[in-house]
Structures are given as structure tokens and as C-alpha cells.
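Okay, so here's the structure we're looking at.
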Amino acid sequence: MPASDSATGAAAATPAPAATPATTAAAERDPRIARSRAALREAFITLVEERGIDGFSVGDLCASAGLNRGTFYNHFRDKESLLASFEDEIIEGLGGVLAKFQNIKLRELAACSLTHRPLPMLVELYDYLREEGPFLHAMLGPGGDARFGMRLREAVCGRFVRSLLHERYQNDPSAFTRYYISFYSGAYLGVISEWIDSGMTETSEEMALISMRLLFIKPGESIKM
């Protein structure tokens with residue numbers, strides 16, 4: 001069960017509504033809000049890694065971040081709304097990167113793979129994942145949010161795989177197309193999770209090359225790069 005918070009003080013008695021994109025925009029404009037949000041994010045990651053997502057309260061979070069509960073409740077309804085805000089921010093950022101994949105052609109990817117050149121868009125994707133590595137490590141780990149892994153699978157991996165399909169299959173409802181996308185989406189989520197869990201020792205360029213090689217490798221073929 002999640003750690004509980006007793007409603008103490010007027011701020012806790014009347015919590016703020018859930019965070020919205022406007023909340024994030026306000027944080028970008030107001031340095032004080034941005035600092036508070038950054039402190040909460042860092043504290044959140046640390047506590048998830050140490051105790052698991054259900055192992056701490058809003059009070060614990062505020063104490064770790066050096067903020068009072070009133071400041072927290074001015075912007076978030078509860079711990080879950082804070083988490084949703086952080087996760088939405090990641091998904092939105094990834095959406096901006098993945099928008100560049102819309103017009104990519106499989107032959108372009110194959111040409112890069114054959115010449116051992118990393119696809120620039122994939123490098124950018126791994127750059128973003130590296131930047132958000134601490135949060136992703138916490139959320140994808142044993143104490144994190146299992147639902148976020150599913151969101152990441154669909155928002156990143158599924159979208160990437162779907163973008164590579166011939167246009168006549170991109171909205172194909174057939175069973176094989178669905179399983180094809182599911183198969184590769186799960187595989188790429190596994191690649192991302194392994195990279196993050198192992199400390200992201202490979203560069204973004206190396207991960208882009210690995211991702212491309214995995215897409216084209218055939219059963220029985222050498223698995224060397």
C-alpha cells in the first residue's frame with residue numbers, strides 16, 4: 001500500500017488540481033517554480049530508487065526536496081499527479097523527436113545500415129533518452145511505474161516500428177501486422193531498458209547502429225556488428 005499522508009494545514013486540506021501543460025509552461029517562465037519542480041523531480045527519482053514508488057509520502061518527498069507541503073499542493077493534487085506530470089513531459093519530449101521519423105523510408109534505414117552510418121534521427125532519440133536516463137532508470141526499474149513502460153513501448157517503440165512499415169500497412173488491422181508491431185516494439189523496449197540499466201555505456205551513435213542492425217538481422221546470421 002502507498003505511504004499515507006495526513007491532511008495537515010489548509011494547503012493539504014484543499015489540494016491543487018492535477019498539473020497540466022500550462023503548469024509546465026508556467027514553470028518555464030517562473031524560475032522559482034522551475035527550481036521547485038527540479039528539486040521535486042530529483043527527490044522523486046532518489047526516493048523511487050531507494051524505496052520504490054509506493055514507499056514514500058508527499059511529506060517525505062517535500063522533506064527530501066527541501067520544500068514545504070504548501071508549495072507542493074500549490075501545483076499538484078497528490079504524488080500521483082506529480083508522477084503523471086513528469087511522465088507526460090517525457091512522452092511529449094519523445095514525441096517531438098519521433099515526429100521526425102514520419103517521413104523516413106525503410107530503404108533509407110537500410111542504406112545507413114549497410115554503410116554502417118547511424119541514422120541521425122536515431123542518434124537524437126538516444127541522446128534524449130540519455131538526458132532523461134535517471135528518471136527512466138527509476139521508472140523502468142523494479143520499484144518504478146510498470147504502466148510507464150507500456151506507455152514508452154507504444155509512444156517510442158511502436159511509433160518507430162510503425163513508421164517503417166509501407167504506408168498500406170501502417171493502419172492495417174490484420175492480426176499479423178498487429179503482432180509484427182508488438183513483437184518489434186517489445187524488442188526495442190528491451191534494448192532501451194538494457195541500455196539504461198547497464199549504465200548507458202554505449203554512445204548514442206553506437207546504440208543507433210545496434211538498433212538498425214537488430215532490425216535487419218536474419219535468423220542464423222552472424223550477430224556481430
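Across all non-hydrogen atoms, the minimal contact from Asp78 to Phe72 is O-CZ, 3.5 Å. Considering all non-hydrogen atoms of both residues, Ser64 and Leu47 come closest at CB-CD1, 4.1 Å. The shortest non-hydrogen separation linking Gly186 to Arg153 is N-NE, 4.0 Å.
Under the rule for a side-chain hydrogen bond (donor to acceptor under 3.5 Å, both in side chains), Thr46 has no partner lying at least two apart in sequence or in another chain. The side chain to side chain contact (heavy atoms under 4.5 Å, CB included) search around Cys112 returns Arg117, Leu119, Met212, not counting sequence neighbours. Phe183 meets the ring-ring contact (aromatic ring centres under 6.0 Å, His included) test with no other residue; sequence neighbours excluded. Every residue meeting the side-chain hydrogen bond (donor to acceptor under 3.5 Å, both in side chains) condition with Glu124, not counting sequence neighbours, appears here in chain and number order: Lys100. Residues satisfying the side chain to side chain contact (heavy atoms under 4.5 Å, CB included) test with Ala84, not counting sequence neighbours, are none. Legend: residues meeting side chain to side chain contact (heavy atoms under 4.5 Å, CB included) with Glu154, ordered by chain and number and at least two apart, are absent. Applying the side-chain hydrogen bond (donor to acceptor under 3.5 Å, both in side chains) rule to Ser204 yields the partners Asp127; only residues at least two apart in sequence or on another chain are considered. Residues satisfying the side-chain hydrogen bond (donor to acceptor under 3.5 Å, both in side chains) test with Arg159, not counting sequence neighbours, are none. Checked against side chain to side chain contact (heavy atoms under 4.5 Å, CB included), Thr201 has no partners two or more places apart in sequence or in another chain. Every residue two or more places apart in sequence or in another chain that forms a ring-ring contact (aromatic ring centres under 6.0 Å, His included) with Phe44 is listed here: Phe56, Phe86.
With respect to the salt-bridge test (charged N to carboxylate O, under 4.0 angstrom), the residues Lys79 and Asp54 do not qualify.
Val156 has its side chain out of reach of Tyr188: every pair of non-hydrogen atoms, C-beta onward, lies at least 4.5 Å apart. A heavy-atom distance below 4.5 Å is not found between the side chains of Asp145 and Arg151. Residues Val161 and Leu215 form no side-chain contact, since every pair of their non-hydrogen atoms from C-beta on lies 4.5 Å or further apart. By the 4.5 Å heavy-atom criterion applied to side chains, Glu87 and Leu152 are not counted as neighbours.
Between the Tyr126 side chain and the Ala208 main chain, no donor and acceptor come within less than 3.5 Å of each other. Panel note: side chain Asp60, backbone Ser57; a donor-acceptor pair is recorded below 3.5 Å. Put simply, the side chain of Thr177 never gets that close to the backbone of Pro173: no donor and acceptor are under 3.5 Å apart. A donor-acceptor contact shorter than 3.5 Å links the side chain of Ser81 to the backbone of Arg77. Panel note: side chain Arg130, backbone Met200; a donor-acceptor pair is recorded below 3.5 Å.
Sorted by first and then second residue, the salt bridge (charged side-chain N to carboxylate O under 4.0 Å, His left out) pairs with a member in residues 172-200 form an empty list; sequence neighbours excluded.
Met121 and Leu94 fall within a single hydrophobic cluster, where Ile, Leu, Val, Met, Phe, Trp and Tyr are joined by side-chain heavy atoms under 4.5 Å apart, directly or via other members. Under the 4.5 Å side-chain heavy-atom criterion for Ile, Leu, Val, Met, Phe, Trp and Tyr, Tyr184 and Ile181 are members of the same hydrophobic cluster. Met150 and Ile53 fall into different hydrophobic clusters, where Ile, Leu, Val, Met, Phe, Trp and Tyr residues are linked whenever their side-chain heavy atoms come under 4.5 Å apart, directly or through other members.
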Please tabulate, one pair per line, all N/O donor-acceptor pairs under 3.5 Å involving side-chain atoms of residues 132-141, not counting sequence neighbours.
from: Glu132; atom 1: OE1; to: Arg41; atom 2: NH1; distance (Å): 3.4
from: Glu132; atom 1: OE1; to: Arg41; atom 2: NH2; distance (Å): 2.6
from: His137; atom 1: ND1; to: Glu49; atom 2: OE2; distance (Å): 2.6

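If you check the side chains of Arg162 and Ser185, you find no donor sitting under 3.5 Å from an acceptor. There is a side-chain donor-acceptor pair under 3.5 Å between Thr71 and Asn68.
With values rounded to the nearest 0.5 angstrom, Ile210 atom CD1 is found 11.5 Å from Leu122 atom CG. Note that CG of Leu98 is 9.5 Å distant from CD1 of Ile91, once rounded to the nearest 0.5 Å. Rounding to the nearest 0.5 angstrom, the gap separating the CG atom in Leu214 from the CG atom in Leu209 is 11.0 Å. A distance of 4.0 Å separates CD1 in Ile192 from SG in Cys157, rounded to the nearest 0.5 Å. Within the model, atoms CZ of Phe76 and CZ of Arg37 stand 4.5 Å from one another, a figure rounded to the nearest 0.5 Å. Arg213 CZ to His116 NE2: the interatomic distance, rounded to the nearest 0.5 Å, is 8.0 Å.
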